[in-house]
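Working notes, structure below.
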Amino acid sequence: MSENIEVVVIGGGYAGVMAANRLTRRADVTVTLINPRPAFVNRIRLHQLAAGSGDAVVDYRNVLSDRVRLVAVVDYRNVLSDRVRLVVDTVTRIDPATRTVAPAARPDLGYDYLIYAVGSGSAAPTVPGAAEFAYRVGTLEEARRLRPALDDTPVSAPVVVVGGGSTGIEVAAEMAEQGRVVTLVCGEALAGYLHPRIRRSVVERLTRLGVTMLDGPDATAVEVTRDAVRLSGGHTLRSAVTIWTAGFSTPDLAARSGLSTDAMGRLLTDETLTSVDDERIVAAGDSASPSGAPLRMSCQSARPLGAHAADTVLARIEGGRPGTIDVGFFGQCIGLGRRAAMVQLATRDDTVTRFGFGGRVAAMIKESACRGVIEELAAEAREPGAFSWLFKDRKRGRKVRAAGEAVPVGR
Ligand SMILES: Cc1cc2nc3c(=O)[nH]c(=O)nc-3n(C[C@H](O)[C@H](O)[C@H](O)COP(=O)(O)OP(=O)(O)OC[C@H]3O[C@@H](n4cnc5c(N)ncnc54)[C@H](O)[C@@H]3O)c2cc1C
C-alpha cells in the first residue's frame, strides 16, 4: 500500500463534495471523488433550471479544493500526485472484502476508507403511463428533458404537476409565475408536513399565482396519458405537459453490493455514520440511514452529514473514537416563484411549529440559501474543517424517531 491513505468518495453532491474537501485536512489523505457528471449539480435549483428561470450547474473547480485537478484519464492510477481527484464515472459495485469499487468504464479502484454519498433521485412512478408521458425534475438529466418540452408548449396550454410536497409546490409556483395554467394534483393533502397555519399561507400564495390545487380522496393521479391525467375520483384533466414530483428514491448500489440497507435502500449505519457491516465504509447525505432512522432527505442535512462522515474517517485514521451525529433542522424554506417563499420553522428534530413567515424576506432567504450552499462548499475547499452547522457539538445526541412516526421522507 502507498504511504497515502486512499479515501474514495462515491457521489459528488452536497454531502460528497463537503466530505471530499474536509478530508484534505490531512496531508497524507488522497481523495478520489467519483461522480457520473463532470459538473456539480446544485439540485435545489433544478426546478428553476427546468422552468428556465435559473441555472443549477456549477463548475467543480468552484466547489472542490484548489488542489483539485480535473482529470480526464483512462487510468487514474497515473495521477497519484493529486490530493483530490475527480473521476467521471458511475460505480457499479463495492467489494468490501477486497476494499475496491468498480467504476463502469475503468479498472477497479482500491480504498482504505469509503464514503458512500450517492444521494437520491425521483421515485419511479408506479401509475400507468407516468414513466412514459410525465416529466420529472429530481436529476439534472430529468430537468433538462423538461426544459425544451416547456419551451415547445404555448404558455396558455395546461400544465399538470403531480405531487403536493415541497418540490411539487415549487415547480407549480415557478410555472405559474411565468403565466402558465397550472393544476397541482396533491393526492390526500397539500404539504401534509406543514403546520396548518403555514399551509394556509402557501395555499393563498399559490391561489394568487393562479394555481388550481386539487386534494382529498379524489385527487390522486391514477393514470397519465400523452395529453391528460386521470384522477382517482374519475375526473380527467387535460395536460399538455405533466410533471411528476411525487417521491424520492435512492440508488441500490449498497444493496447490490451486499451491504445492509433500510427499506428504501439507504446504507444502514450507526450514529457515527459507519456502515453496520464494515468499519471502513461511512455514509452521508440522502443515502445514509443512521440507526435505521434517517434524517429527512435534504440539502440542509446533506452538508453537515458530509462533514461528519469526513470527521468519522479522520478520527479513525488518527486512532480516535468518532463522534455521534449532531445534525438537526431549522425547518424548511419553500420557494413560491422567484419573488416569494415560505419559511416553516421546526424544532431541531424536525417537528414543525406554528411559526413561520413568507413574502419577499423569505424569498431573499431562499435565494441566499441557494447561493450559500455553493459558498459553503467553496469555503470548505479553501479551509478544510471550517464548515460548522447548527447544533454542531451539542452533545445531546439526536432524538431517533420510532419507525412509522410521521416525518417527511424528502426535502
Ligand atoms: C427540485 C428540487 C428542489 C430541492 N429543494 C431543496 C431545498 O430547498 N432544501 C433542501 O434541503 N433540499 C432540497 N432538495 C433536496 C436535495 O437536493 C437533496 O436532498 C440533496 O441533493 C441530497 O444531497 P446528497 O449530497 O446526499 O445527494 P445528491 O445531491 O443527490 O448527490 C449525489 C451524487 O451522487 C451521484 N451518484 C449516484 N449514484 C452514483 C454512483 N453509483 N456512482 C457515482 N456517483 C453516483 C449522483 O449522480 C449525484 O451527483 C431539493 C431537491 C430537488 C430535486
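The shown structure was predicted, so the numbers you read here are calculated from the model rather than taken from an experiment. In each ligand, atom 1 is the first atom listed, and ligand 1 is the first ligand listed. Only this structure's heavy atoms are used, side chains among them; waters, hydrogens and symmetry mates stay out.
Arg43 and Ser120 form a side-chain donor-acceptor contact under 3.5 Å, judged by distance and modelled atom types alone. No side-chain N or O of Arg266 forms a donor-acceptor pair with one of Ser287 less than 3.5 Å apart. No donor-acceptor contact under 3.5 angstrom links the side chains of Asp95 and Thr100, judged on distance only. Under the 3.5 Å distance criterion, with hydrogens and angles disregarded, a donor-acceptor pair is assigned to the side chains of Gln332 and Ser166. A donor and an acceptor atom, one from each side chain of Ser291 and Glu271, are located under 3.5 Å apart.
Where the criterion is an N or O separation shorter than 3.5 Å, residue side chain and backbone included, Cys299 meets it with respect to ligand 1. Between Thr90 and ligand 1, no pair of N/O atoms sits closer than 3.5 Å. Here's the thing with Gln300: one of its N/O atoms is less than 3.5 angstrom from an N/O atom of ligand 1.
Looking at Thr153 and Val159, their side chains never come closer than 4.5 Å, going by heavy atoms from C-beta outward. Contact of the Trp244 side chain with the Val161 side chain is not registered, since no non-hydrogen atoms from C-beta on lie closer than 4.5 Å. The shortest distance between side-chain heavy atoms of Ile94 and Leu253 falls below 4.5 Å. Between Gln344 and Thr353 the shortest side-chain heavy-atom distance falls below 4.5 Å. No side-chain heavy atom of Leu33 sits under 4.5 Å from any side-chain heavy atom of Arg85. Contact check for Asp112 versus Arg280: side-chain heavy atoms found under the 4.5 Å cut-off.
Here the straight-line distance linking atom CZ of Arg256 with atom CZ of Arg93 works out to 8.5 Å at 0.5 Å rounding.
At least one test fails for Arg99 against the ring of Tyr111: distance under 6.0 Å to the centre or angle within 45° of the axis.
The single protein non-hydrogen atom nearest to atom 52 (C) of ligand 1 is Arg43 O, 3.7 Å, given as residue, atom name and distance. Looking from atom 42 (N) of ligand 1 to the surrounding protein, the closest heavy atom is Val91 N, 2.9 Å. In terms of protein heavy-atom proximity, atom 39 (C) of ligand 1 is nearest to Val118 CG1, 3.7 Å. With hydrogens left out, the protein atom closest to atom 35 (C) of ligand 1 is Asn35 OD1, 3.4 Å, a heavy atom. Taking atom 18 (C) of ligand 1 as the reference point, the nearest protein heavy-atom neighbour is Asp286 OD2, 3.2 Å. Scanning the protein heavy atoms around atom 44 (N) of ligand 1, the nearest turns out to be Pro36 CD, 3.2 Å. Given atom 51 (C) of ligand 1, the protein heavy atom at minimum distance is Arg411 CD, 3.9 Å. Protein heavy atom at the shortest distance from atom 21 (O) of ligand 1 is Tyr14 CE1, 3.2 Å.
Within ligand 1, the atoms closer than 4.0 Å to a non-hydrogen atom of Ala15 are 25 (O), numbered from 1 in the order shown. Within ligand 1, the atoms closer than 4.0 Å to a non-hydrogen atom of Asp89 are 43 (C), numbered from 1 in the order shown. Contact atoms of ligand 1 toward Gly13: 25 (O), 29 (O), 31 (O), 33 (C) (distance under 4.0 Å to a heavy atom of the residue). Here is the list of ligand 1 atoms found below 4.0 Å of a heavy atom in Val137: 53 (C). Atom numbering of ligand 1 starts at 1 in the shown order; those under 4.0 Å from a heavy atom of Met297 are 19 (O). The Gly285 neighbourhood of ligand 1 comprises atoms 26 (O), with distances under 4.0 Å to a heavy atom of that residue. Close approach of ligand 1 to Ser120 is summarised as follows: ligand atoms under 4.0 Å from at least one heavy atom of the residue are 30 (O). Near His47, the atoms of ligand 1 lying under 4.0 angstrom from a non-hydrogen atom of the residue are 1 (C).
Using a 4.0 Å heavy-atom cutoff, Thr245 is absent from the residues neighbouring ligand 1. The closest approach between a heavy atom of Arg37 and any atom of ligand 1 is below 4.0 Å. Ligand 1 has at least one atom lying under 4.0 Å from a heavy atom of Lys366. Assignment of Ile34 to the shell around ligand 1 is supported, since a heavy atom sits closer than 4.0 Å.
A donor-acceptor pair under 3.5 Å is absent between the side-chain atoms of Glu174 and the main chain of Ala51, judged by distance alone.
With a 4.0 Å cut-off on non-hydrogen atoms, Ser166 does not touch ligand 1 at all.
Taking the six-membered ring for Trp and the full ring otherwise, the centers of Phe391 and Trp389 sit at least 6.0 Å from each other.
Closest heavy-atom approach to atom 9 (N) of ligand 1 among the candidates Ile44, Ile94, Ile10, Leu140: Ile44.
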